[in-house]
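What follows is a short report on a single structure.
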Amino acid sequence: MKKIILLICFAIGLSGYAQNIEFKVHFDSDSFTLSTSDAALIQQALQKLPCPPESCQVKVVGHTDDMGSLEYNKVLSLNRAKAISGFLQSKGFRKEQISISGKAYTEPVTTNDDDSGKSENRRVTVFISPEFKQANHIGGLMLKEDVYHINAAKAETLKYKSGSEIHIPANAFVDEDGKPISGNIDVRYVEYRDPIDFILGNIPMDYPQHGENTHFNSAGMYKILANQNGKSIYLREGTQITVDFAMTQEVPGLNFYNYDTIANKWTELSKITPQLPLQTATAFIRVDTAYSYYYGEDKGICSRIDNGARVKRVIETGRELAASTTSLYAEYLEELKQSNLQFARAQAKSDSLFNVKNKFHIIEGKAKIASLKKSIAKNESKVSQIDSQIKSITASYQPVKISEDGNELKFKINYDTKYNIQTINFDDVTWIYDAQDAEAVAPEVFDKKWDSCRIWVMDKKHFGIELKDSISQQLIQNLKMTNAKATKYSYPRIASEMNKGAGIQKSKVTKLTQLRNMLLKKNSEFTNLIASIEKKITQPKITYTANIQNLCFYEHSRPYMTADEQAMTAVEWLRFFDDNKEAMLQRYNTIDADYEYKQANIRYRQSLNMQQLANENAASLVRSMNISQLGIFNCDQISRLSSPLYVDAVYEDERGRTVKPLFIYLVDSRINGILRYDGNYGYSPSRFAYSPTSQNTLMAFDADDNSFVLNAADFRKTVDGKTGTVVFKLKKVSNIKNKEELISMF
């Protein structure tokens with residue numbers, strides 16, 4: 001029995017619509033027919049739409065159970081998606097709004113071991129979300145994509161102006177039905193490297209996590225798409241593109257994400273840079289690595305990255321310590337002593353217990369590991385020998401044109417192998433194609449070497465040839481053969497002799513490959529066994545963390561030190577602080593309250609030129625990333641607003657006329673990113689959050705595609721000390737020639 005499951009996110013924005021809906025329709029085995037009852041249930045689900053049908057974005061994904069071949073199920077899953085798409089179009093959705101795909105049985109939601117599991121997997125999932133309102137341009141300034149014209153059959157390396165490189169393998173693309181793409185294609189690529197790029201690229205920077213809406217601090221994003229003759233094409237299953245991406249910055253906790261433009265959702269793919277690790281007590285001797293310790297009530301790891309809240313905390317701590325009689329240096333030595341002592345005791349106890357308990361197991365385990373490693377080395381040697389044998393046996397076939405005149409095409413097939421059992425050699429035969437149109441032989445036939453070549457007799461005068469490789473196949477018929485030696489044989493004999501060697505070779509390669517795979521499987525088993533044994537005979541490492549507050553205080557005080565102080569080690573400076581407490585108290589009492597604000601402004605204006613900085617340091621910031629689909633990708637660190645405040649807002653232009661933004665962006669100086677307020681997540685242009693410890697530039701966009709800006713200084717003046725509804729006076733942006741002009745308005 002088929003059923004429909006409806007999952008709705010009920011977060012409500014100002015529009016009154018729910019954020020997104022997702023529902024599933026289940027199908028009978030080997031069927032893609034939508035029943036009347038299913039149609040009624042879908043109609044019921046559509047009553048919860050997050051947007052009018054004509055302005056929603058829809059993603060329809062078909063799935064199957066694992067009965068039958070992969071190719072059959074790809075078609076079946078796509079047909080199921082098409083059935084749902086057709087129904088949605090009959091209910092007012094436009095075809096161009098709907099993205100469909102078929103996943104066959106590659107993404108099951110449960111096991112296929114029983115009928116119940118198979119039934120759950122025979123499904124179509126539908127995602128419906130509001131159309132993302134876009135900023136198409138800012139005062140005439142637009143973001144352009146680079147378009148690369150390449151041959152789909154050849155491997156290509158594309159170079160972008162930032163220093164990034166995109167490595168595309170040969171024969172990497174298929175059409176929407178999964179058929180291989182040949183000929184010329186267009187690859188479109190663009191990078192988003194700073195807040196202006198993110199706005200122009202309409203890139204969402206929100207990332208809901210653990211019930212909280214966090215934001216991205218970006219090290220750069222990119223979009224890569226491809227098309228042929230105006231139609232979108234896709235990466236072939238199992239194929240990967242390698243992007244050597246020149247990041248704009250490298251900070252702890254960078255992750256790699258992919259953006260689903262239909263579901264409006266980011267998905268984490270992998271880690272790029274680790275979070276700063278918790279240090280063991282043995283590292284405490286290295287006091288120059290103070291930033292890796294905990295600092296007082298700051299629950300995060302001490303970082304070299306400043307923000308206003310931390311600066312205030314450092315100033316308050318400095319005043320307190322300078323006014324006290326406590327010695328920072330003495331405190332540090334005592335904490336260090338206790339930490340190392342506790343760690344040493346715990347480690348010694350662990351060593352003793354582990355070695356006594358596992359003495360005999362350790363001896364036996366090491367002997368077993370040594371034996372397994374010898375077996376692995378022996379098998380690796382055999383695999384290498386087999387690889388050489390396969391290489392020497394395997395043939396390749398290269399069709400080469402001799403001449404092409406009118407309706408006649410002459411060519412040879414060069415036959416390359418060290419193992420030749422044929423009495424009739426391919427190299428000695430000239431083939432003549434005498435069809436009415438010689439162009440019927442595809443040009444790509446002559447562009448590459450083929451893995452196999454099969455010949456058959458069509459009639460008393462003509463032969464046929466079938467050329468194959470791992471991804472494609474070419475048939476050439478109506479061929480004549482000219483060769484004095486060959487023509488003394490009967491036509492069936494000629495075909496048989498020319499196919500004979502290939503058959504024997506294929507059989508030998510198959511047997512050798514089976515032996516090779518068996519050896520590799522054994523080595524994998526041996527490797528896993530070694531890891532299991534090593535885990536049993538290796539003592540677990542003890543980790544111990546400490547809260548040495550004075551080291552972090554030293555690190556966070558560095559911006560206020562003289563050049564001589566900054567040259568000191570942490571221990572030297574703690575002593576210096578103890579000896580100069582009166583001067584230190586005066587220092588922390590007289591720090592300008594606007595110091596961090598001014599520094600943030602400087603850093604922010606530098607961040608707006610992040611692309612130039614990244615280009616200068618591209619070699620050290622390049623990271624290789626493998627992607628198995630086209631789309632939008634980013635390298636980002638999760639961040640949160642610092643001490644957020646909330647404001648109720650209305651807007652006017654410079655002449656006092658009312659401005660009604662559809663959405664606004666805040667450019668926060670702490671991050672290379674943007675905060676978008678458009679009615680989602682409970683925020684909108686009329687009520688939004690901001691960090692008072694950051695520089696905040698506001699950009700607004702209305703229904704007529706006009707853009708407005710309020711620079712950071714005016715934003716601060718507008719919100720400081722205000723209660724109730726705040727009026728933001730915006731400057732209209734027009735006739736912007738380049739990003740530098742826009743930056744000057746910030």
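What you see is a predicted model; the values in this text were computed from it and never measured.
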Next on the checklist: Contact between Asn706 and Val659 at the side-chain level, heavy atoms closer than 4.5 Å - yes or no?
Outcome noted: no

Checklist entry - Would you call the rings of Tyr222 and Phe245 parallel, tilted or perpendicular if under 30° counts as parallel and over 60° as perpendicular? => result tilted

Checklist outcome for this item: dist Asn634:CG -> Asn255:CG (nearest 0.5 Å) comes out at 9.0 Å

Item to check | Distance-only polar pair, side chains of Ser624 and Asp244, donor-acceptor under 3.5 Å | outcome: yes

Next on the checklist: What verdict does the side-chain contact (heavy atoms from CB on, under 4.5 Å) test give for Ile128 and Phe93, after you've listed the backbone C-alpha separation in whole Å, the side-chain angles of each residue and the deciding distance to 0.1 Å?
Outcome noted: CA-CA 11 Å; Ile128 303 179; Phe93 292 85; 4.3 Å; yes

Checklist entry - Is there a side-chain contact between Asp668 and Asn696, using heavy atoms and a 4.5 Å cut-off? => result yes

Item to check | Euclidean distance, Thr248 OG1 relative to Asn217 CG, rounded to 0.5 Å | outcome: 8.0 Å

Checklist entry - With side chains defined as the heavy atoms from C-beta onward, is the minimum distance between Ile224 and Phe633 less than 4.5 Å? => result yes

Checklist entry - Does Arg655 pair with Asp653 as a salt bridge, N-O distance under 4.0 Å? => result no

Checklist outcome for this item: In terms of heavy-atom contacts, Ala81 and Ser101 come closest through CB-O, 3.7 Å

Item to check | Steps toward side-chain contact (heavy atoms from CB on, under 4.5 Å) verdict (Ile138, Phe701) | outcome: CA-CA 9 Å; Ile138 304 176; Phe701 299 83; 4.0 Å; yes

Checklist entry - Is a side-chain donor or acceptor of Ser90 paired with a backbone partner of Phe87 at a separation under 3.5 angstrom? => result yes

Checklist outcome for this item: Residues Ser628 and Leu235: closest non-hydrogen pair is C-CD1, 3.6 Å

Next on the checklist: Determine whether the aromatic ring centres of residues Phe708 and Tyr651 are separated by less than 6.0 angstrom.
Outcome noted: no

Item to check | Audit row: Lys223, Glu145, salt bridge (Lys or Arg N to Asp or Glu O under 4.0 Å) steps and yes/no | outcome: CA-CA 9 Å; Lys223 177 171 72 175; Glu145 300 174 343; 3.1 Å; yes

Checklist entry - Heavy-atom distance under 4.5 Å between the side chains of Phe173 and Leu630, does that happen here? => result yes

Next on the checklist: Are the side chains of Lys717 and Lys729 in contact, using a 4.5 Å heavy-atom criterion?
Outcome noted: no

Checklist entry - Can a salt bridge be assigned to the pair Lys161 and Glu191 using a cut-off of 4.0 Å between side-chain N and carboxylate O? => result no

Next on the checklist: Could you check whether any side-chain N or O of Tyr677 sits under 3.5 Å from a backbone N or O of Ala689, counting only pairs where one atom can act as donor and the other as acceptor?
Outcome noted: yes

Checklist entry - Can you tell me if Ser77 and His63 form a side-chain donor-acceptor pair at under 3.5 Å? => result no

Item to check | Whether Phe688 and Phe715 hold their rings parallel, tilted or perpendicular, with breakpoints at 30° and 60° | outcome: tilted

Next on the checklist: Please report the interatomic distance CD1(Ile664) to CG(Asp702), rounded to the nearest 0.5 Å.
Outcome noted: 13.0 Å

Checklist outcome for this item: Smallest heavy-atom separation, His149 atom then Val147 atom, equals CE1-CG1, 3.8 Å

Checklist entry - Do we see a donor-acceptor contact under 3.5 Å between the side chains of Thr242 and Asn626? => result yes

Checklist entry - Going from CG on Leu143 to CG on Asp197, what distance comes out if it is rounded to the nearest 0.5 angstrom? => result 5.5 Å

Item to check | Salt bridge Arg687-Asp648, side-chain N to carboxylate O under 4.0 Å | outcome: yes

Checklist entry - Does Arg676 make a cation-pi contact with Phe216, if we ask for NZ or CZ under 6.0 Å from the ring centre and within 45° of the axis? => result no

Next on the checklist: Distance check, rounded to the nearest 0.5 Å: Ile150 atom CD1 versus Ile166 atom CD1?
Outcome noted: 10.0 Å

Checklist entry - Is the closest side-chain heavy-atom distance between Asp714 and Phe728 below 4.5 Å? => result no

Checklist entry - Side chains of Ile84 and Ile42: does their closest heavy-atom pair fall under 4.5 Å? => result yes

Checklist entry - Roughly how far, to the nearest 0.5 Å, is the CD1 atom of Ile627 from the CZ atom of Phe256? => result 6.5 Å

Checklist outcome for this item: When every non-hydrogen atom of Ala246 is compared with those of Ser164, the smallest separation belongs to N-OG, 2.9 Å

Checklist entry - Looking only at heavy atoms, what is the nearest atom pair of Thr125 and Lys24, with distance? => result OG1-CG, 3.7 Å

Checklist entry - What pair of heavy atoms forms the shortest contact from Gly62 to Val124, and how long is it? => result CA-CG2, 3.9 Å

Checklist entry - Is there a donor-acceptor pair under 3.5 Å between the side chain of Asn227 and the backbone N or O of Val187? => result no

Checklist entry - Are Tyr192 and Phe198 an aromatic pair by the rule of ring centers under 6.0 Å? => result no

Item to check | Side-chain touch Tyr690/Leu698, heavy atoms, less than 4.5 angstrom | outcome: no

